[in-house]
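Below: one structure, written as structure tokens.
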Amino acid sequence: MSPRDDIPALRGQDGEGSVQVHQDPSMKIEGAKVFSVYGKGGIGKSTTSSNLSAAFTKLGKRVLQIGCDPKHDSTFTLTGRLQPTVIDILKEVDFHPEELRPEDFVTEGYGGVQCVEAGGPPAGTGCGGYVVGQTVKLLKQHHMLEDTDVVIFDVLGDVVCGGFAAPLQHADRALIVTANDFDSIYAMNRIIAAVQAKSNNYKVRLAGCVANRSRDTDEVDRYCKEVGFRRIAHMPDVDAIRRSRLKKKTLFEMDDDEDIVACRAEYVRLAETLYRGTDPMAPAPMEDRDIFELLGFD
């Protein structure tokens with residue numbers, strides 16, 4: 001035996017260095033359209049997810065939103081409060097899910113959106129992917145996915161985390177939230193590469209990106225043209241969005257100011273686009289040096 005014969009070759013179906021964990025077929029989400037929302041930390045994924053959920057209800061859809069971040073603040077503009085996480089509630093019953101009722105971990109928010117916060121392990125311990133898996137399992141056990149038209153996963157920003165990858169096992173389409181700046185687009189480029197890798201094994205495909213809190217979209221559009229991607233919505237940098245977060249409300253509950261009405265219309269248009277179905281996209285992410293030269297300053 002050679003010195004390295006006892007070391008496993010870390011070559012999964014996602015590529016070199018990848019160890020792919022395959023989804024349990026019994027955990028498949030059936031009957032609903034499933035979207036996962038990605039983007040760098042602080043870019044507005046939760047704001048986008050919650051307003052998008054509210055917009056889907058305006059189309060008459062039954063919506064379930066799952067927050068996949070230990071901060072568990074994905075759904076508070078829908079519910080008006082921070083709700084307990086699935087992982088904390090499971091701890092309280094010593095991980096015996098049969099002792100739980102749906103109302104223990106699901107809160108009804110604005111427009112009837114069913115809101116769940118998966119939560120996460122303490123910092124530096126455990127895996128966010130496990131938490132997402134346990135959340136879907138619990139929802140399945142309590143039949144919470146059977147009367148749902150749309151499921152939205154609001155995913156944490158760390159590309160290398162299992163909590164990032166786990167929703168891709170369930171999603172039909174991945175949506176990326178970005179801004180019209182280098183850091184956001186750089187992060188989007190890495191997310192594209194990660195989603196593309198997972199699409200080798202799963203049904204998930206990229207739907208496009210949302211330019212968020214951006215007066216212009218020229219840099220986003222330039223990047224998209226370069227790699228073969230598409231911007232499918234633009235949320236301008238208006239103070240109403242910041243105010244809505246402070247008031248713990250979606251834009252659909254705010255006063256009918258002109259900028260708020262315009263943003264609502266864009267969210268409804270995005271919901272219509274996603275529900276009708278988007279053509280699957282397969283952009284070619286850029287190398288780090290190339291994206292720096294495309295968008296960086298001289």
Side-chain angles (χ1 to χ4, degrees), residues 35-59 61 63-88 105-120 123 128 150 152-158 163 175-181 183-184 187-188 209-217 220 233-271 274:
F35 305 101
S36 53
V37 180
Y38 290 96
K40 72 181 285 291
I43 197 61
K45 295 181 296 295
S46 294
T47 300
T48 299
S49 298
S50 296
N51 282 300
L52 184 57
S53 288
F56 274 119
T57 69
K58 298 301 180 182
L59 303 180
K61 308 305 179 187
V63 185
L64 171 68
Q65 181 170 320
I66 303 173
C68 304
D69 193 308
K71 298 195 307 295
H72 64 102
D73 61 349
S74 171
T75 60
F76 83 89
T77 57
L78 288 162
T79 63
R81 64 182 178 88
L82 284 177
Q83 63 186 94
T85 69
V86 166
I87 200 69
D88 288 339
F105 58 92
V106 180
T107 302
E108 183 171 315
Y110 172 79
V113 177
Q114 301 298 303
C115 300
V116 179
E117 294 286 353
V150 174
I152 294 178
F153 286 95
D154 174 16
V155 190
L156 77 172
D158 193 344
L175 181 69
I176 303 176
V177 182
T178 186
N180 198 50
D181 60 52
D183 288 341
S184 303
M188 177 165 65
C209 66
V210 174
N212 189 48
R213 295 191 310 214
S214 300
R215 184 181 64 181
D216 302 311
T217 64
V220 172
H234 174 210
M235 303 302 167
D237 187 14
V238 296
D239 191 56
I241 296 176
R242 181 190 65 84
R243 295 200 314 272
S244 72
R245 295 283 290 179
L246 292 174
K247 290 180 176 291
K248 304 180 183 67
K249 294 180 178 180
T250 67
L251 288 172
F252 293 85
E253 300 166 87
M254 298 285 284
D255 293 336
D256 293 334
D257 297 340
E258 183 178 354
D259 53 353
I260 292 176
V261 171
C263 288
R264 288 178 195 158
E266 182 70 345
Y267 274 114
V268 170
R269 189 191 65 79
L270 175 59
L274 291 171

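Residues passing the salt bridge (charged side-chain N to carboxylate O under 4.0 Å, His left out) test with K247, sequence neighbours excluded: none. With sequence neighbours excluded, the residues that form a side chain to side chain contact (heavy atoms under 4.5 Å, CB included) with T48 are V177, N212, Y267. Take E253 and apply the side chain to side chain contact (heavy atoms under 4.5 Å, CB included) test, not counting sequence neighbours, and it matches Y110, K249, T250. Take R264 and apply the salt bridge (charged side-chain N to carboxylate O under 4.0 Å, His left out) test, not counting sequence neighbours, and it matches D256. For S184, the side chain to side chain donor-acceptor pair (under 3.5 Å) test picks out D181, with sequence neighbours left out. Residues forming a side chain to side chain donor-acceptor pair (under 3.5 Å) with S46 (at least two apart in sequence, or on another chain): D154. Considering only residues two or more places apart in sequence or on other chains, R269 meets the salt bridge (charged side-chain N to carboxylate O under 4.0 Å, His left out) condition with E266. A search for side chain to side chain contact (heavy atoms under 4.5 Å, CB included) contacts involving K248 returns F76, not counting sequence neighbours. Residues forming a salt bridge (charged side-chain N to carboxylate O under 4.0 Å, His left out) with D237 (at least two apart in sequence, or on another chain): none. Shown here are the side chain to side chain contact (heavy atoms under 4.5 Å, CB included) partners of S214, two or more places apart in sequence or in another chain: A179, N180, H234.
Under 3.5 Å, the side chains of Q65 and S74 contain a donor-acceptor pair of N or O atoms.
When all heavy atoms are compared, the tightest approach of V210 to M235 is CG1-CG, 4.1 Å. Of all heavy-atom pairs between L274 and F35, the closest is O-CZ, 3.6 Å.
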